[in-house]
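See structure below.
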There are 2 protein chains.
Amino acid sequence: MPDRRPPDDHDHASCIEDALTEAETICAERGARLTDLRRRVLELVWTSHEPVGAYDILSSLGGDGRRAAPPTVYRALEFLLENGLIHRIESLNAFVGCPSPKAPHSGQFLLCTACGTATELTDGAIQSAVAQAADRIGFRTGHVTLEIKGLCRHCAGGAAAAPRAHAH
Amino acid sequence: MPDRRPPDDHDHASCIEDALTEAETICAERGARLTDLRRRVLELVWTSHEPVGAYDILSSLGGDGRRAAPPTVYRALEFLLENGLIHRIESLNAFVGCPSPKAPHSGQFLLCTACGTATELTDGAIQSAVAQAADRIGFRTGHVTLEIKGLCRHCAGGAAAAPRAHAH
DNA sequence: CCCTCCATCGCTATATTGTACCCTAGAAGC
DNA sequence: GCTTCTAGGGTACAATATAGCGATGGAGGG
């Protein structure tokens with residue numbers, strides 16, 4: 001793992017709180033059951049803006065005296081995915097909270113290889129370019145995975161011009 | 001696994017042959033060593049247009065009397081990736097041959113969930129939309145993963161389920 | 001109120017995918 | 001001839017994910 005810096009100076013506690021509140025609302029509306037376990041897993045995913053592995057969550061769950069097993073975590077993650085509360089980052093085998101879960105969508109992600117932060121985009125131009133390209137060859141689009149690896153403004157800025165200046 | 005249909009009526013033998021020939025040329029130009037093993041792995045990746053798992057390759061290699069071990073395959077795959085001869089499909093943990101390896105690039109893929117075929121795109125509009133979106137927030141773009149799951153023209157057409165506008 | 005149904009979760013075991021590490025052979029350079 | 005480096009054989013293990021079975025407890029019908 002590369003060095004990690006805080007993604008930004010923001011009040012992350014309120015990030016978490018907002019996410020949990022919104023999740024409660026959404027689940028209530030849909031009649032989906034946001035159980036204690038699912039809520040806790042969602043909270044753990046939101047621990048930071050860095051995607052979290054299923055087994056990291058597993059360890060954190062174990063911290064409270066009870067030992068959890070993989071299926072427990074994967075089932076909770078599946079529920080959260082189905083309800084659009086989190087996204088899976090395919091290229092990292094990890095999960096990240098969705099900042100706007102009201103309307104389910106395929107996420108677009110900027111993944112900083114220096115600080116690990118995942119930033120979700122919702123760029124219409126990308127969406128329509130993808131839709132057009134698919135349409136042009138008669139492909140019916142389902143879920144779209146877009147993951148862009150690189151350096152976030154913060155990390156790229158610190159490194160100045162040379163792209164490899166950040167390497168260790 | 002869903003049903004698989006042949007991706008198309010094309011002369012796949014010549015696909016493979018072309019890919020191998022081009023690989024030879026490229027490696028010769030670069031002074032990279034396309035050894036027997038690497039060539040065989042490339043050939044196995046090109047067995048079809050469906051992404052192939054590392055352990056599938058491993059089994060196929062074992063077929064000739066010698067038993068291969070995982071690192072053998074992964075090392076060969078790493079070489080092929082570095083030289084742009086194959087791409088990794090993150091959402092499937094699998095590999096597919098690159099049809100235009102002369103100029104290394106991040107691939108854009110249409111993945112049919114019915115027949116399994118991976119079709120590589122090189123769409124400039126998508127590329128520039130991604131570049132602009134990243135640029136706008138000061139993100140320095142590295143590798144881009146774009147994987148679109150859905151139904152290819154063939155499978156969507158056959159499914160009769162209201163195929164909207166067979167573009168063309 | 002009781003009872004059935006079924007979603008949820010605990011748990012064991014196992015499958016799948018990917019790496020660390022050590023060693024040998026043979027080519028490349030001097 | 002000797003060193004050095006790349007490629008690859010092989011074991012062991014790490015990391016990620018799923019199959020399947022049983023227990024529990026709440027929701028709703030009788």
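Just so it is clear: chains get the letters A, B, ... in the order the sequence lines come, proteins before strands, and each one is counted from 1.
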Check your understanding: On a plain distance test, is the side chain of R75(A) in donor-acceptor contact with the base of dG10(C) below 3.5 Å?
Key -> yes
Check your understanding: Touch check for R38(A), heavy atoms < 4.0 angstrom, all strands: base, sugar-phosphate only, or nothing?
Key ->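 Touches sugar-phosphate only.
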Exercise for review: Could you tell me whether the phosphate oxygens of dG8(D), OP1 or OP2, come under 4.0 Å of any side-chain nitrogen or oxygen in T72(B)?
Suggested key: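 No, T72(B) has no side-chain N/O under 4.0 Å of OP1/OP2 on dG8(D).
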In whole Å, I'd like the distance from the [atom1] atom of [X] to the [atom2] atom of [N].
X: R33(A); N: dA27(D); atom1: CZ; atom2: P; answer: 7 Å
X: I57(B); N: dT16(C); atom1: CD1; atom2: P; answer: 16 Å
X: L58(B); N: dT11(D); atom1: CG; atom2: P; answer: 12 Å
X: E82(B); N: dA7(D); atom1: CD; atom2: P; answer: 9 Å
X: L77(A); N: dC9(C); atom1: CG; atom2: C1'; answer: 14 Å
X: R40(A); N: dT8(C); atom1: CZ; atom2: P; answer: 18 Å
X: L37(B); N: dT6(D); atom1: CG; atom2: P; answer: 17 Å
X: L34(A); N: dC9(C); atom1: CG; atom2: C1'; answer: 15 Å

**Study point:** Minimum-distance nucleotide to A69(A) side chain [options: dC9(C), dG10(D), dT12(C)]
**Key:** dT12(C)
Point to revise | Electrostatic pair E147(A)-K149(A), nearest N-O below 4.0 angstrom | key: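 Result for this pair is no, no salt bridge flagged.
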Shortest non-hydrogen contact from [X] toward [Y]:
X: L42(B); Y: A23(B); result: CD2-CB, 3.5 Å
X: L44(B); Y: T47(B); result: O-OG1, 2.6 Å
X: L81(B); Y: I86(B); result: CD2-O, 3.5 Å
X: R33(B); Y: F79(B); result: O-CZ, 3.6 Å

Exercise for review: Mind telling me whether H87(B) and H105(B) have parallel, tilted or perpendicular rings, with 30° and 60° as the class edges?
Suggested key: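 Answer is tilted, since the angle falls between 30° and 60°.
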Could you tabulate the donor-acceptor pairs under 3.5 Å formed by side-chain atoms of residues 126-136 of chain B, not counting sequence neighbours?
| residue | atom | partner | partner atom | Å |
| --- | --- | --- | --- | --- |
| S128(B) | OG | G124(B) | O | 3.2 |
| S128(B) | OG | A125(B) | O | 3.3 |
| R136(B) | NH1 | D123(A) | OD2 | 3.2 |

Can you check nucleotides 14-19 of chain D for protein contacts, nitrogen or oxygen pairs under 3.5 Å, and list what you find?
| residue | atom | partner | partner atom | Å |
| --- | --- | --- | --- | --- |
| dA17(D) | OP1 | R88(A) | NH1 | 2.9 |
| dA17(D) | OP1 | R88(A) | NH2 | 2.5 |
| dA17(D) | OP2 | Y74(A) | OH | 2.8 |
| dA17(D) | O5' | Y74(A) | OH | 3.3 |
| dA17(D) | N7 | Y55(A) | OH | 2.4 |
| dA17(D) | N6 | Y55(A) | OH | 3.4 |

